Engineer: 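Right, I'll just put the structure down here and ask away after.
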Amino acid sequence: MATITLPDGSTRAYPTTTTPQQVASDIGPGLAKAALGAKIDGILCDLSTEISRDCSLSIVTPKSRDGRVDADALFLIRHSCAHVMAEAIQRLHPGTMLVYGPPIDTGFYYDMAFPDGRAPSTDDFAAIEAEMAKIVAENRPFTRYELPAQDGMAKLQKEGSKFKIDNAQRAQEAGSSVFSFYATGTPGAHWEDLCRGPHVPATGRIGAFKVTSLASSYWKGDESLDRLTRVYGTAFATKPELEEYLRQIEEAKKRDHRVLGKQLRLFHIDEMVGQGLVLWTPRGSVVRQELQSFISEALKEQGYQQVFTPHIGKLDLYRTSGHFPFYRESQYPPIIEHDALARLAAEGCSCADLANRLASGEVDGYLLKPMNCPHHIRIFDSEPHSYRDMPVRLAEFGTVYRWEQSGEIGGLTRVRGFTQDDAHLFVREDQVAEEVLGCLALVKLIFGTLGMNDYRVRVGLRDTTSDKYVGDSANWDKAEEACRAAAKSLGVPFSQEVGEAAFYGPKIDFVVRDVIGRSWQLGTVQVDYNLPVRFNLSYTGADNKAHRPVMIHRAPFGSMERFVGVLIEHFAGAFPLWLAPEQVRVIPISDKSEGYAQEVLAALKARGIRATIDAGNERVQARIRDASELKIPYLAIVGPRDRDARVVSLRAFGIDANLGELPLDRLLDGVSDEYRSRGARTVRALMSPPGPRA
RNA sequence: GCCACCGUAGCUCAGUGGUAGAGCACACCCUUGGUAAGGGUGAGGUCGAGGGUUCAAUCCCCUUCGGUGGCUCCA
């Protein structure tokens, strides 16, 4: 006897056991037909799962009640499609061993071990998809059966896949006493896989799918273990949904900062200069410079002081801070002086020997700085401080260098040399909470001005089982508590992640996504009780005794490179006026109005506006098109009529119409105001909104 | 760093074992045009670099540099 509560609150009683499929049929044939799976007490299950006790039940169908694509349905479809793909690949590539094939946000993948040289290539995708289509067309049921752990293990041993045996062992360790298998059809007669499930009722319910890409992975994500081939695919309930998804991917690619950066000539990365070393072109430098001015103004208001420090420093500095030799793999190798190098060479010192002697401190050298904090610390420590002076806030757009792995470098988001909008706050312990809040306010101001609301907050805590952190645990506890409290006060949901702390302290990170869904850390605020100890920092308290300051490291943009990269994608290259490399372009209708056009240009430039003129030998239409491809915010088009009335005909990027005539004075005032107010007020707003047909 | 794929004109890309092509951009000429591509002519390439196979390599093989997608890493 089971009483089943449905999502609308109604209940149904069943005298014996039943299944979600049965319940769906009892509710209606339409639902029964649409059903892909079920949620029993909130847990996703097969439609054939037996129900023998009271529970709540909802039937999973491709579209949820609000008409949106149902996430659970996608999960079922994709997980099932992973099986279909695995079967297809095993058919085409005999000897392939399966490892793990879960659904993911954008589809699914299956990790596989191919016999030597037998891995598929992207050329094989069509054949794999054709084979999958056959399996889908056969509409074979997903049939679940269970074996006691011992029998299941014996079966897997016989089949001989160490990967599946390992999966099973881990399931067993996690407390499973039975293993479940899913056959695509009849157990024994058809393909099957050790799998927890659940799945759609039959292969035919996978509406549309595509094999998308090929990558490598490591078994259990451990690079010392087997290297596997990961085949990615995606699946949807219907073909239009798949097509829409593929279209979105194509659209996203157009926003890619690497594509736009080239198109708009914002930056250049040159193989002759080096991987991950960004060259900022004049246009891109404008964007960066405007951002730096913006933050500098905000910093001045918050009582920061600007400093400058060199790009290198002695190894001893970084030995003291703990950066060297602890993190030497992620730094450019040390720079050694000529004399020392000659002496070592004369001694016949080997490379390995040199590395050891550098690590031990027997040989000294310089390091391209991996972080700015040691330099700032030395500035703080260069003069005595009273409790009255605190906090001391030192800010610098400081360029740092890190040896990122070659395979990880790309575009502006992961580079080897980058400039942080860095600052270090030396504060009294009673000031920590307030100063952290001040840092968060800055981050909010920046994100708010730029309209970036799609970020998440992560509080990175130490992993107490790891030895990569410095400092004593009482200080860590205090710092972690300060971060948690500050994050809470933001009023934004945040996650706490163990093992995400910096080596010297916990942190609050701001994370955004790029166009292809990858997450990037931008701004960060870190509380540090440890470096002040390592550098023996102090200030004189009201009691005339030496006290230890606390440090706060913070960089609201993270790095200028990454931030601009994300910003390019955020605006799809169409920067607001204050950031735009080119703000206004003047287009004379013909030679007859060029004189006036030059006058307009000169007036704009006199107001500090980045304006250009296109008096080229092209028709107006063509020149408008050229300007819109550069995403220039405003076009001032002038002909004889405009000249006579001393107005311009205005066009704004993104509005495919003439906004009308604007007196020259109002244009100058309006553009200046939009620029200085960073978009709080706009010229566009001065114009009467264009009608349906302007 | 690992695996797969890619590298042809400034850009986007086609192509072939017999030393290369398009569109856009560029230059010049014609056109003086009122809101998203007017017309013509022309210039432009050691086919990423090095080595090998071959009578002959941009194409096949190896190495290397760079890019892309993942994996791993990211103080």
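Nothing here was measured: the structure is a model prediction, and the numbers come from that model. Hydrogens, waters and symmetry mates play no part in the numbers below; they use all other heavy atoms, side chains included. In what follows, every chain begins at residue 1, and chains take the letters A, B, ... in the order their sequences are listed.
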Engineer: Find the distance A/M112:CE to B/G70:C1' and express it as a whole number of Å.
Structural biologist: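 Interatomic distance, CE of A/M112 to C1' of B/G70: 15 Å.
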Engineer: Would you measure the distance from the C1' atom in B/A49 across to the matching atom in B/C55 and give it in whole Å?
Structural biologist: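 My reading of the C1' atoms in B/A49 and B/C55 gives 26 Å.
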Engineer: Rounded to whole angstrom, note down the P distance from B/C74 over to B/C61.
Structural biologist: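 That atom pair is separated by 37 Å.
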Engineer: I want to verify a distance call: between B/A75, B/C74, B/G1, whose nearest atom is closest to the A/E404 side chain?
Structural biologist: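 Nearest to the side chain of A/E404 among the choices is B/C74.
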Engineer: If the C1' atom of B/G7 is compared with that of B/A14, how far apart are they to the nearest Å?
Structural biologist: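 Straight-line distance between the two C1' atoms is 15 Å.
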Engineer: If we call it a pair only when both distances are under 3.5 Å in a Watson-Crick or G-U wobble match, what pairs with B/U54?
Structural biologist: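 With both distances under 3.5 Å required, B/U54 matches none.
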Engineer: Does any N or O in the side chain of A/T212 come within less than 3.5 Å of the main-chain N or O of A/Y232, such that one atom is a donor and the other an acceptor?
Structural biologist: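 Indeed, once roles are kept as given, a pair shorter than 3.5 Å links the two residues.
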Engineer: Should we count NZ of A/K210 as having more than 12 external heavy atoms under 6.0 Å?
Structural biologist: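 No, not enclosed.
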Engineer: Considering only atom C1', compute the distance from B/U31 to B/G38 and round it to an integer number of Å.
Structural biologist: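 It works out to 7 Å between them.
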Engineer: Provide the Watson-Crick or G-U wobble partner of B/C5, both distances under 3.5 Å; none if there is no partner.
Structural biologist: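 Because both required distances fall under 3.5 Å, B/C5 counts as paired with B/G67.
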Engineer: Using the P atom as the reference point in each nucleotide, state the distance between B/A22 and B/U41 in Å, no decimals.
Structural biologist: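 The same atom, P, in both gives a distance of 13 Å.
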Engineer: Under 3.5 Å for both donor-acceptor distances, Watson-Crick or wobble: does B/C26 have a partner, and if so which one?
Structural biologist: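 Matched B/C26 with B/G42 under the 3.5 Å cut-off.
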Engineer: Could one point to a donor on the side chain of A/Y218 or the base of B/G70 with an acceptor on the other under 3.5 Å away?
Structural biologist: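 Absent.
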Engineer: Just to verify, what does A/F557 make a ring-ring contact (aromatic ring centres under 6.0 Å, His included) with, not counting sequence neighbours?
Structural biologist: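 Once residues adjacent in sequence are excluded, the partners of A/F557 under the ring-ring contact (aromatic ring centres under 6.0 Å, His included) criterion are A/F563.
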Engineer: For A/Q521 and B/A75, give me the distance from atom CD to atom C1', rounded to whole Å.
Structural biologist: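 Answer to the nearest Å: 11 Å.
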Engineer: Using atom P in both nucleotides, what's the gap between B/U68 and B/C30 to the nearest angstrom?
Structural biologist: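 Each nucleotide's P atom is 45 Å from the other's.
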Engineer: Choose from B/A75, B/C71, B/C73 the nucleotide whose nearest atom is closest to any side-chain atom of A/Y232.
Structural biologist: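 Shortest atom-to-atom distance from the side chain points to B/C71.
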Engineer: In whole angstrom, give me the gap between the P atoms of B/C6 and B/G48.
Structural biologist: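 That atom pair is separated by 13 Å.
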Engineer: Can you check the distance between B/G70 and B/G45, where both ends of the measurement are the C1' atom (answer in whole Å)?
Structural biologist: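 These two C1' atoms come out 34 Å apart once rounded.
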Engineer: Using a 3.5 Å distance criterion without hydrogens, assess whether the side chain of A/R255 forms a donor-acceptor pair with backbone atoms of A/E569.
Structural biologist: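 Side chain of A/R255 to backbone of A/E569: a pair is present.
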Engineer: For A/G261, is there any backbone N or O sitting under 3.5 Å from a side-chain donor or acceptor partner on A/R283?
Structural biologist: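 No, the answer is negative, given that no donor and acceptor are paired below the 3.5 Å cut-off.
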Engineer: Phosphate oxygens OP1/OP2 of B/G66: is one of them under 4.0 Å from a side-chain N or O of A/R258?
Structural biologist: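 It does not, given that no N or O in the side chain of A/R258 lies less than 4.0 Å from OP1 or OP2 of B/G66.
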Engineer: So, does the side chain of A/S216 form a donor-acceptor pair with the base of B/G70 at under 3.5 Å?
Structural biologist: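 Yes.
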Engineer: Return yes if some donor-acceptor pair links the side-chain N/O of A/E561 with the main-chain N/O of A/G276 below 3.5 Å, else return no.
Structural biologist: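 Absent.
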Engineer: Using a 4.0 Å heavy-atom cut-off across all strands, classify A/G411 as base, sugar-phosphate, or nothing.
Structural biologist: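 The residue A/G411 makes sugar-phosphate contact but no base contact.
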Engineer: Taking the side chain of A/Y327 as heavy atoms from C-beta outward, which of B/A75, B/G70, B/A4 is closest to it?
Structural biologist: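 Among B/A75, B/G70, B/A4, the one nearest the side chain of A/Y327 is B/A75.
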Engineer: NA contact type, A/Q331, heavy-atom cut-off 4.0 Å: base, sugar-phosphate, or nothing?
Structural biologist: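 Since a base atom lies under 4.0 Å of A/Q331, the category is base.
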Engineer: How many Å lie between CD on A/E271 and C1' on B/U68, as a whole number?
Structural biologist: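 The answer, rounded to whole Å, is 15 Å.
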Engineer: Touch check for A/R518, heavy atoms < 4.0 angstrom, all strands: base, sugar-phosphate only, or nothing?
Structural biologist: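 Since only primed, P, OP1 and OP2 atoms lie under 4.0 Å of A/R518, the category is sugar-phosphate.
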Engineer: Just by distance, do the side chain of A/R402 and the backbone of A/P370 share a donor-acceptor pair under 3.5 Å?
Structural biologist: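 Yes.
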Engineer: Give one of base, sugar-phosphate or nothing for A/Y504, where a contact means two heavy atoms less than 4.0 Å apart.
Structural biologist: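 Answer is sugar-phosphate: A/Y504 comes under 4.0 Å of backbone atoms only.
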Engineer: A/A215 or A/A501: which one's nearest nucleotide on RNA chain B is closer to the 5' end?
Structural biologist: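 Nearest nucleotide further toward 5': that of A/A215.
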Engineer: Find the distance A/Y109:OH to B/A4:C1' and express it as a whole number of Å.
Structural biologist: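 After rounding, the gap between these two atoms is 17 Å.
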Engineer: Distance check needed: B/A75 C1' versus A/N372 CG, whole Å only.
Structural biologist: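 Taking CG of A/N372 and C1' of B/A75, I get 13 Å after rounding.
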Engineer: Could you please name the partner base of B/U35, counting Watson-Crick and G-U wobble pairs only when both distances are under 3.5 Å?
Structural biologist: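 By the stated definition (distances under 3.5 Å), nothing pairs with B/U35.
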Engineer: Walk along nucleotides 24-39 of chain B from 5' to 3' and tag each nucleotide B, S or - by protein heavy-atom contact under 4.0 Å, base first, then sugar-phosphate.
Structural biologist: ------BBBBBBBBB-
Engineer: By the 4.0 Å heavy-atom rule, please label A/G322 as base, sugar-phosphate, or nothing.
Structural biologist: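 Counting heavy atoms under 4.0 Å across all strands, no contact is made by A/G322.
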Engineer: Given the side-chain rings of A/F535 and A/F380, with only the six-membered ring counted for Trp, is the space between their centroids under 6.0 Å?
Structural biologist: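 No, they do not, as the ring centres are separated by 6.0 Å or more.
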Engineer: Look only at the side chain of A/R78 and the backbone of A/A235, and say whether a donor-acceptor pair between them is shorter than 3.5 Å.
Structural biologist: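 A pair under 3.5 Å: yes.
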Engineer: What is the distance from NE2 of A/H323 to C1' of B/C74, rounded to the nearest Å?
Structural biologist: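 After rounding, the gap between these two atoms is 13 Å.
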Engineer: Between A/Q275 and A/Y401, which has a closest nucleotide on RNA chain B that is more 5'?
Structural biologist: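 Per heavy-atom nearest nucleotide, the more 5' residue is A/Q275.
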Engineer: Can you tell me how far C1' of B/C2 sits from NZ of A/K220, to the nearest Å?
Structural biologist: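 In whole Å, B/C2 C1' lies 19 Å from A/K220 NZ.
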Engineer: Watson-Crick or G-U wobble partner for B/G21, using a 3.5 Å limit on both distances?
Structural biologist: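 Result: B/C13.
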Engineer: Does B/C11 have OP1 or OP2 sitting under 4.0 Å from an N or O in the side chain of A/Q263?
Structural biologist: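 Checking B/C11 against A/Q263, no side-chain N or O comes under 4.0 Å of OP1 or OP2.
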Engineer: Between atom CZ in A/R414 and atom P in B/G67, what is the gap in whole Å?
Structural biologist: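 Taking CZ of A/R414 and P of B/G67, I get 14 Å after rounding.
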Engineer: For the pair A/D528 and A/H553, evaluate side chain to side chain donor-acceptor pair (under 3.5 Å) and give the outcome as yes or no after the intermediate values.
Structural biologist: CA-CA 7 Å; A/D528 175 9; A/H553 310 235; 2.8 Å; yes
